[in-house]
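Quick note: numbers below take in every heavy atom, side chains included, and nothing from hydrogens, waters or symmetry partners.
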Amino acid sequence: MDRLDAMQLFVRVAELGSFSAVAQQLNVARSVVTRQVAALEAHLGVKLMARSTRRLSLTSAGTAYLEKCRVILNLVDAAETGIGEARQTPRGAIRLGAPLSYGLKRLSPLLLDFAQRYPEVSLDIDYNDRRVNLIEEGMDLAIRVTARLDPATVARRLATSRLIVAASPDYLARHGAPQRPDDLTHHECLGYTANATPSWTFSVDGQTVAIPLRARLTASNGDVLTEAAARGMGITCQPDFILDPWLADGRLVPVLAAFDTPELGVYAVLPGNRHVPHRVRVLIEDLAERLAR
């Protein structure tokens with residue numbers, strides 16, 4: 001194993017915190033990974049990792065070496081990419097995560113077009129609403145639809161969406177329409193379980209107000225909650241990409257339209273401050289251009 005390969009392996013182990021996880025990603029025996037890290041330590045003459053039966057942690061020397069490895073590997077990647085990028089077509093594997101509803105309704109056609117346009121790229125798409133750890137799961141990027149990102153997140157904004165509060169005509173005929181956001185406390189609301197707190201946020205008289213919900217039905221997928229709302233089971237708050245068809249044919253109608261809800265951003269989230277491979281950057285640019293239309 002040459003020096004750069006050893007650095008790459010060490011960075012993987014440090015980021016995942018596990019020899020076994022790296023071995024699984026590389027499809028090799030765990031002993032292969034441990035021997036190679038031990039050989040690197042022997043070459044450097046220092047311990048990079050403190051091993052125990054429960055956990056793996058970096059020594060002070062390992063922490064310093066990790067940062068230098070990242071800088072060197074990013075420079076190597078950038079240099080190689082910069083030389084050949086102008087004449088290269090994207091090639092290689094891209095693993096990405098996408099939220100289920102947005103992925104199927106908005107992203108899938110674009111991703112299939114991309115795969116047809118660049119036959120040397122292979123796509124592995126995980127449609128899932130859970131918040132994935134990109135480094136631990138070996139993903140190149142994830143698409144997230146959210147009102148706010150952690151400031152430390154490395155991301156590119158691709159598009160925007162808006163939240164709409166809606167109910168069926170039948171539900172409103174039986175229960176009346178809420179006139180102000182705080183009227184929701186007297187209504188059946190349909191809650192999205194990915195939200196940390198059971199509340200919806202509105203702009204009321206220039207102030208941001210969180211309204212606590214009484215939710216008899218909750219789900220981790222917005223399409224399910226929209227179907228429940230169309231059956232008259234309560235009021236839902238969903239992104240426009242889910243609700244638009246239901247509003248267009250009258251199965252649902254908007255409520256509280258006079259009160260603004262938070263804007264959602266659609267982001268391509270990357271695994272830290274690594275150099276982004278050419279194929280991933282081409283995909284992100286393609287999605288940004290087409291979603292902006």
Open item on the list: For Arg162, give me all partners under salt bridge (Lys or Arg N to Asp or Glu O under 4.0 Å), at least two apart in sequence or on another chain.
Closed with: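 Salt bridge (Lys or Arg N to Asp or Glu O under 4.0 Å) check on Arg162 returns nothing, list empty.
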Listed by chain and number, what are the side-chain contact (heavy atoms from CB on, under 4.5 Å) partners of [X], not counting sequence neighbours?
X	value
Arg180	Asp182, Asp183, Val204, Asp205, Phe259
Val46	Leu44, Leu48, Ala61
Ala39	none

Hey, does the side chain of [X] reach the backbone of [Y] with a donor-acceptor pair shorter than 3.5 angstrom?
X	Y	value
Glu41	Met49	yes
Asp240	Ser161	no
Arg281	Val276	yes

List in chain and number order the residues that pass side chain to side chain donor-acceptor pair (under 3.5 Å) with [X], two or more places apart in sequence or in another chain; answer none if no residue qualifies.
X	value
Arg30	Ser20
Arg130	Glu137
Arg157	Glu263, Tyr267
Glu67	Arg70

Open item on the list: Going by the rule ring pair (Phe, Tyr, Trp, His ring centres under 6.0 Å), which residues pair with Phe19 if we only count those two or more places apart in sequence or in a different chain?
Closed with: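 Phe19 satisfies ring pair (Phe, Tyr, Trp, His ring centres under 6.0 Å) with no residue once adjacent residues are dropped.
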Task: In one Ile/Leu/Val/Met/Phe/Trp/Tyr side-chain cluster, 4.5 Å: Leu110, Ile143 - done: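 Yes.
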Open item on the list: Hydrophobic clustering (ILVMFWY, side-chain heavy atoms < 4.5 Å, transitive) - are Val224 and Val145 grouped together?
Closed with: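 They do not share one cluster, since no chain of ILVMFWY contacts under 4.5 Å joins Val145 to Val224.
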Look up atom [atom1] in [X] and atom [atom2] in [Y], then write down how far apart they are to the nearest 0.5 Å.
X	Y	atom1	atom2	result
Arg12	Cys69	CZ	SG	14.0 Å
Glu289	Leu291	CD	CG	10.5 Å
Leu100	Asn128	CG	CG	8.0 Å

Open item on the list: Please evaluate residues Tyr65 and Leu40 with respect to the criterion side-chain contact (heavy atoms from CB on, under 4.5 Å), reporting the C-alpha separation (whole Å), side-chain torsions for both, the decisive distance (0.1 Å), and the verdict.
Closed with: CA-CA 11 Å; Tyr65 187 65; Leu40 178 62; 3.7 Å; yes
Minimum heavy-atom distance [X]-[Y], with the two atoms named:
X	Y	answer
Thr261	Leu163	OG1-O, 2.7 Å
Pro271	Asp140	CD-O, 3.2 Å
Ala98	Gly103	CB-CA, 4.3 Å
Ile242	Pro245	O-CD, 3.5 Å

Beyond-backbone contact of [X] with [Y], side-chain heavy atoms, under 4.5 angstrom:
X	Y	value
Leu141	Ile94	yes
Phe10	Met7	no
Arg156	Glu285	yes
Ile235	Pro178	yes
Ile72	Leu4	yes
Asp126	Asp124	no
Val280	Leu270	yes
Leu283	Leu111	yes

Open item on the list: According to side-chain hydrogen bond (donor to acceptor under 3.5 Å, both in side chains), does anything in residues 96-116 pair up with another residue at least two apart or in another chain? List the pairs.
Closed with: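 Only Ser101-Asn221, Ser101-Asp223, Lys105-Asp223, Ser108-Tyr127, Asp113-Arg290 qualify under side-chain hydrogen bond (donor to acceptor under 3.5 Å, both in side chains).
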Task: Crowding at CZ, Arg231 (>12 non-hydrogen neighbours, <6.0 Å) - done: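 Result for CZ/Arg231: open.
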- [ ] Any chance you could lay out the side-chain contact (heavy atoms from CB on, under 4.5 Å) test for Arg131 and Arg144, step after step, and finish with the verdict?
- [x] CA-CA 8 Å; Arg131 187 64 56 90; Arg144 289 185 188 158; 3.0 Å; yes
Task: Whichever hydrophobic residues join Leu247 through chains of side-chain contacts under 4.5 Å - done: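 Leu247 shares its hydrophobic cluster with Ile164, Leu243, Trp246, Leu252.
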Using a 3.5 Å cut-off and no angle test, enumerate the donor-acceptor pairs between side-chain atoms of residues 165-172 and protein atoms at least two apart in sequence or in another chain.
residue: Ser168; atom: OG; partner: Tyr171; partner atom: N; Å: 3.0
residue: Asp170; atom: OD2; partner: Arg174; partner atom: NE; Å: 3.1
residue: Asp170; atom: OD2; partner: Arg174; partner atom: NH2; Å: 3.1
residue: Tyr171; atom: OH; partner: His187; partner atom: ND1; Å: 2.9
residue: Tyr171; atom: OH; partner: Glu188; partner atom: N; Å: 3.2

